[in-house]
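Below is one structure, written out as structure tokens; the observations come after it.
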Amino acid sequence: KLVEELTDGIAIAHVSGGNSPLVYVNSAFERMTGYERHEVLGKDCRYLQGNERDQPEIALIRTAIAGGKPADVTLRNYRKDGSAFWNRLSLRPIAIVGEPLYLGILRDVSAIRQTEMALDRTAHFDIATGCLNRQSFIIAAQRRLATHTGPALVVKLDIIGFHDLNAGYGYDVGDALLLETG
């Protein structure tokens, strides 16, 4: 009853060869994924990744399970309706009556992940053009030039009278020109 009342999803799976069929999920797991228990019991959790089974975190999960170790990862999963959500997953090996199992604690961290991505975008990209901002451009250019052999060309564009354009026609027109130039 206690596990059923948790707000985090709980999933317990057998550890058998390359598969880990689910033997238990709680109500929070059902709410988070949109799948009912009868639809998931006996299935491996891999169906939640949809077509994104190449996420690096999945390799970490496989390595942890193979070694009987715990794992903590954040990966993108998909609900029954096809909508994506970011899942913070804590896996812990357990044994019940000598049977090896894995306990998974799932937390939907989509809002946190979206905020992180928005902050990252704001930190690295110009809002008006969507191009790298000055600092991010310098870092990217330094990385590229460090591995690039041969001559390189960097072109700087300056829009003459841009201040007057903004003053005369407004920032919306100036932003549109920057976007097209970018």
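Note that the structure is predicted; figures quoted are calculated from it, not measured.
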Heavy-atom closest contact (Gly104 atom, Leu91 atom, distance): CA-CD2, 3.8 Å
field: CD-CZ distance between Glu57 and Arg76, expressed to the nearest 0.5 angstrom
entry: 10.0 Å
query: Just wondering, more than 12 heavy atoms not from Arg107 lying within 6.0 Å of its CZ?
result: no
message: So for atom NE2, which belongs to His148, do other residues, nucleotides or ligands contribute more than 12 heavy atoms lying within a distance under 6.0 Å?
response: yes
- prompt: Between Val23 and Leu41, does a side-chain contact (heavy atoms from CB on, under 4.5 Å) hold up when you go through it step by step?
  reply: CA-CA 5 Å; Val23 295; Leu41 294 182; 5.6 Å; no
- prompt: When you look at Ile58 and Gln49, which way does the side-chain contact (heavy atoms from CB on, under 4.5 Å) test go after all the steps?
  reply: CA-CA 9 Å; Ile58 295 170; Gln49 284 107 41; 3.5 Å; yes
- request: Determine, using the 4.5 Å side-chain heavy-atom cutoff (strictly less than), whether Trp86 and Leu60 are members of one ILVMFWY cluster.
  value: no
task: Apply the test side-chain contact (heavy atoms from CB on, under 4.5 Å) to residues Leu22 and Ile12: give CA-CA distance (whole Å), side-chain angles for both, the deciding distance (0.1 Å), then the verdict.
output: CA-CA 6 Å; Leu22 291 168; Ile12 300 176; over 6 Å; no
- request: Answer yes or no: does atom OH of Tyr171 have more than 12 heavy-atom neighbours from other residues, nucleotides or ligands under 6.0 Å?
  value: no
query: Hey, any chance Phe162 and Tyr169 share a hydrophobic cluster, counting ILVMFWY side chains that come within less than 4.5 Å of each other, even indirectly?
result: yes
message: Can you confirm whether Leu119 is buried at CG, in the sense that more than 12 heavy atoms of other residues, nucleotides or ligands lie under 6.0 Å from that atom?
response: yes
task: Report the distance from atom CG of Leu157 to atom CG of Leu178, rounding to the nearest 0.5 Å.
output: 11.0 Å
task: To the nearest 0.5 angstrom, please state how far the CD1 atom of Ile112 sits from the OG1 atom of Thr74.
output: 9.0 Å
message: Quick check on side chain to side chain contact (heavy atoms under 4.5 Å, CB included): which of Ile10, Ile105, Val40 does Phe29 satisfy it with?
response: Val40
Heavy-atom pair of closest approach, residues Ala123 and Ser136: O-OG, 4.1 Å
Side chains of Asn87 and Asp108 in contact at under 4.5 Å (non-hydrogen atoms): no
message: Quick one: does any side-chain atom of Glu52 pair with a main-chain N or O of Asn77 as donor and acceptor, under 3.5 Å?
response: no
- request: Measure from NZ or CZ of Arg121 to the centre of the six-membered ring of Phe125 and say whether it is under 6.0 Å with the direction within 45° of the ring axis.
  value: yes
message: Rounded to the nearest 0.5 Å, what separates atom OG in Ser27 from atom CD in Glu36?
response: 10.5 Å
message: Any non-hydrogen side-chain atom of Phe85 less than 4.5 Å from a side-chain atom of Thr33?
response: yes
- request: Evaluate salt bridge (Lys or Arg N to Asp or Glu O under 4.0 Å) for Lys1 paired with Glu4, printing each intermediate quantity in order.
  value: CA-CA 5 Å; Lys1 183 168 170 59; Glu4 281 300 317; over 6 Å; no
message: Under 4.5 Å between side-chain heavy atoms, counting indirect links through other Ile/Leu/Val/Met/Phe/Trp/Tyr residues: same cluster for Ile61 and Val15 or not?
response: yes
message: On a heavy-atom basis, which atom in Asn133 and which in Thr122 lie closest, and how many Å separate them?
response: ND2-O, 4.4 Å
query: So which heavy atom on Glu30 is nearest to which on Arg37, and how close?
result: OE2-N, 2.9 Å
message: Nearest 0.5 angstrom please: Arg143 CZ to Ile138 CD1, how far?
response: 12.5 Å
message: Looking at Ala13, is its backbone amide N or carbonyl O close enough to the side chain of Asp44 to form a donor-acceptor pair, meaning the two atoms are under 3.5 Å apart?
response: no
field: CG (Asp120) with more than 12 external heavy atoms under 6.0 Å
entry: yes
- request: Establish whether Leu101 and Val97 are linked, either directly or via other cluster members, by ILVMFWY side-chain heavy-atom contacts under 4.5 Å.
  value: yes
- prompt: Would the number of heavy atoms belonging to other residues, nucleotides or ligands and lying under 6.0 Å from CD of Glu180 be above 12?
  reply: no
message: Restricting to non-hydrogen atoms, name the atom on Ala28 and the atom on Thr7 that form the minimum distance, rounded to 0.1 Å.
response: CB-O, 3.5 Å
message: Do Ile96 and Tyr24 sit in one hydrophobic cluster, given that two such residues count as connected whenever their side-chain heavy atoms are within less than 4.5 Å of each other, even indirectly?
response: yes
message: If you apply the rule salt bridge (Lys or Arg N to Asp or Glu O under 4.0 Å), what do you find for Glu39 with Lys80, and how did you get there?
response: CA-CA 10 Å; Glu39 296 176 287; Lys80 184 177 180 179; 2.5 Å; yes
- request: Flag yes if more than 12 heavy atoms outside Arg53 fall under 6.0 Å of its CZ atom; otherwise flag no.
  value: yes
query: How far apart are the C-alpha atoms of Leu132 and Asp126, what are their side-chain angles, what is the distance that settles it, and do they pass the side-chain contact (heavy atoms from CB on, under 4.5 Å) test?
result: CA-CA 6 Å; Leu132 289 174; Asp126 178 73; over 6 Å; no
- prompt: Of the non-hydrogen atoms in Tyr35 and Arg79, which two are nearest, and what is the gap between them?
  reply: CE1-C, 4.0 Å
- prompt: Under 4.5 Å between any side-chain heavy atoms of Leu106 and Met32, yes or no?
  reply: yes
- prompt: Looking at CG of Leu177 and CG of Asp172, how far apart are the two atoms once the value is rounded to the nearest 0.5 Å?
  reply: 13.0 Å
Asp72/Arg92 under salt bridge (Lys or Arg N to Asp or Glu O under 4.0 Å): CA gap, chis, key distance, verdict: CA-CA 9 Å; Asp72 294 294; Arg92 298 294 180 265; 3.0 Å; yes
